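Step one of this worksheet: look at the structure below.
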Amino acid sequence: MDEQETYTATTRRIVFQNPDNGWTVCRVELDESDDMGTVVGSLPGLQTGQLVTFTGTWITDPKYGKQFKASAYQVASPKTLIGIEKYIASGLLPGVGPELAKRIVATFGHETLEVLDQEPDRLSHVEGIGPSKVAKIKEHYKGKQELQSLLIFLQGHGVSPTFAPRIHQVYGSDAARIIRENPYRMAIDIWGIGFRTADGIAQSLGIEKDSPSRVEAGVLHALGLAVDNGHLHIPRGNLISESQQLLSVSESHIESAIGRLELSNLIIDEELNDKGRCVSLWRMWELEVASAKLLAKLAATEPPKPPDIKKVSGKLGIELSEEQKQAVTAALKSKVSAITGGPGVGKTTIVKVLVDACIMAKRRVLLCAPTGRAAKRLSEAAGMEASTIHRLLEFKPHDSLFARNMDNLLEADFVVVDEASMVDIAILQALLSAVPTQAQVVFVGDADQLPSVGPGNVLADLLDSEFVSSIRLTKVFRQAQDSSIIQVAHSINRGDMPEIPKPNEGELGDLYFINQSTPDGIADTIKELVASRIPDKFGLDPLTDIQVLTPMHRGPLGTAALNEALQVRLNGTAGQELVRGSRKFRQGDKVMQIKNDHDRGIYNGDIGIVCNVTSEALHVDFGSGPPIGYERASLDQLVHAYAISVHKSQGSEYPCVVIPVSTHHFVMLQRNLIYTGITRGKRLVILIGQQKALKRAVQTIDSRTRNTYLTQRIETEVKRLG
């Protein structure tokens, strides 16, 4: 690690500053010369005109040259009248420029900063400063000083200055007091600050290891980790042992903390029949119980008389198999149903028949899916508009609330939820809250794919419930049997090592396995395939038709490394670029939105092409509507998408997918992951790596069964309703 040193200079220009995390680029001037330099780092609250001592290291950026990368900074108040004048004219005070700054300093002299800090109302004695301007200056200056004080406090306890703006935004002037009294509150109240960061501050403040606030925070942290892994509860014994490992305190301390947290309505400690004693975060328990009650209430009402299936299929010119007829009939006769099956088993046909049957019966139909891409596919398949679940429920991002709820129900008689394996417990509860009691709901998806990113195992739990009409499709249709993609996918799903057929001479196949033994060899092959071999042989566009899917984010075959390599190969290194952290965006780049932006109608997982780049912003064409603009500060919503994770591909289909299958991804080699990746390809799938890696993936079932209780809660609620 480079040795830290100090660098004292006056800030002359803030080139860029992110208000969320304080990342700053500024130009500075040494006091004893006219030499200008550049300082970068997380420096929240830094302003022009300040005399600052920076702590950090010198670096050489390949594009911008020598810079000082600061890890901390300390502001010194200017001592001379000219220095004070420049300081307050630098943007420190709203509406105060050089002329007004001169008058302020002429009035108060060396006491100017003391007046601002302790007696700001005296500013009204200065010509040109009225009561409204005094109020604005007071509020602005107070906020700046509070942030600066908080920054000094945090740095004194070894906390990154990155967190200062977020902490100040939540706690305001009480920030330091709140942190001193209970630093663990930050782990609950402030996004991005976890237990370990809060614990580090607590230790520096001298808080004891067995302090009740520390033990309670540790238990909540352990439960939060369980939720991050998809669980809605955790066995009590597991929670105690995991908390002990984290906290290094006795079991009795953790038992006491569990009791206090339950009394505070932060957790639920309950007996779950054969599962024994289990503990949930109160919010997870509430979502699961509410979902079960809503499902039971729906299931308890009589469904309407089903339409004539023969008449509907005849009008559509569709001949249903016996299995499909049973599925359609069951869905139309049930208030709540769940349809599952792998590729090629006719789920899309069933949805089309269900939708048309309900429309012919003059029933109001709504179609939705978890992602924009899945909704678009559903719309194309059903022949009517489909939306994301969030848009259907009229999500209000600024309030984090849905406008459609139990007080403002959806106008629907029949609701279809596609790609239901991606639905988590929070989305299920929100959707069911808005469904009128007379409506029917059909969940459609592939239960063998990866489960939802959020907690819960909704589709699997619904399929296991005797009060939900469960339909499992197994017959692969003849036209689908000719596809090696579908054959191999089903073989993998059965746990059989697939035989990948070789195409006849002169013909092109739809699935290939290319043997490569090393990560470098796999990466080089991926670059050649995407850039030239696939486009030349199959006529597919490298950007819009080919998608690299990989199991991991890190490592030589992770998304970061592959994106960097593919960006250079497909889009070069020249041209205007906009830099965000380690990512460089250029015109022509393939990118993905990673946060829902409901205001602008772009969602997590949407992929587009950068169509314009300036020094301060870029625009992305997502293929529908006008290009979306991103200023430098909002670039954290974008990542490169030449290669994406298999998890991010859920709900999507691509003409071609390329998947590395390597023992380098040892911990991620699981059946549902490789199965999900393969089933994303419509025309072509290419696996690159080692046969033994594929074999391991096929033989490895994800052992991390999610702890849920939705199936049993539905049963309890149905019995309660009698």
Side-chain angles (χ1 to χ4, degrees), residues 1-80 82-84 86-88 90-92 113 144-168 175-176 179 183 192-193 196-205 579-584 632-633 636:
M1 184 175 178
D2 294 334
E3 187 176 344
Q4 298 269 297
E5 54 183 291
T6 59
Y7 176 56
T8 300
T10 301
T11 55
R12 291 302 180 207
R13 183 164 65 94
I14 304 296
V15 179
F16 168 76
Q17 190 167 64
N18 185 328
D20 294 328
N21 59 21
W23 179 263
T24 303
V25 178
C26 66
R27 296 284 285 164
V28 301
E29 182 181 62
L30 289 171
D31 266 9
E32 297 177 1
S33 71
D34 293 328
D35 292 342
M36 295 289 286
T38 300
V39 176
V40 300
S42 185
L43 308 168
L46 190 70
Q47 302 153 36
T48 54
Q50 292 177 319
L51 178 63
V52 183
T53 298
F54 299 98
T55 301
T57 56
W58 287 101
I59 61 170
T60 301
D61 184 275
K63 182 172 182 178
Y64 299 106
K66 191 175 182 182
Q67 300 176 334
F68 192 80
K69 187 174 183 180
S71 57
Y73 78 97
Q74 182 89 34
V75 177
S77 299
K79 304 298 181 187
T80 66
I82 292 175
I84 295 171
K86 285 183 177 180
Y87 178 47
I88 64 174
S90 66
L92 174 71
L113 297 181
K144 292 286 187 183
Q145 295 304 100
E146 286 173 357
L147 181 59
Q148 188 65 39
S149 298
L150 177 61
L151 184 68
I152 294 168
F153 170 75
L154 292 175
Q155 288 180 172
H157 294 285
V159 181
S160 168
T162 301
F163 298 118
R166 278 180 252 167
I167 295 171
H168 183 258
I179 293 170
I193 295 184
R196 295 189 186 281
T197 299
D199 199 35
I201 298 174
Q203 298 306 306
S204 69
L205 290 170
V579 180
R580 174 67 169 180
S582 62
R583 296 192 292 270
K584 298 177 180 180
R632 189 188 295 269
D636 57 350

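From a predicted model like this one, the values you see are computed outputs, not experimental measurements.
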Going from [atom1] on [X] to [atom2] on [Y], what distance comes out if it is rounded to the nearest 0.5 angstrom?
X      : Y      : atom1 : atom2 : answer
Met36  : Thr10  : CE    : OG1   : 10.0 Å
Tyr7   : Thr53  : OH    : OG1   : 11.5 Å
Ile179 : Ile201 : CD1   : CD1   : 5.5 Å
Thr11  : Arg27  : OG1   : CZ    : 12.5 Å

Would you name the heavy atoms of [X] and [Y] that are closest together and state the gap between them?
X      : Y      : result
Pro183 : Ala198 : O-CB, 3.5 Å
Lys69  : Trp23  : CE-CH2, 4.4 Å
Trp58  : Gln67  : CE3-O, 3.3 Å

If we only count heavy atoms from C-beta on, is the [X] to [Y] side-chain gap below 4.5 Å?
X     : Y     : result
Val52 : Val28 : no
Gln4  : Thr57 : yes
Phe54 : Leu43 : yes

Under a 3.5 Å cutoff, is there a donor and acceptor pairing between the side chains of Ser71 and Thr55?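 Judged by distance alone, the side chains do not pair up.
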Those residues that, when tested against Gln203, pass side-chain contact (heavy atoms from CB on, under 4.5 Å) (two or more places apart):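 Listed in chain order: Tyr184, Asp199, Lys209, Arg214.
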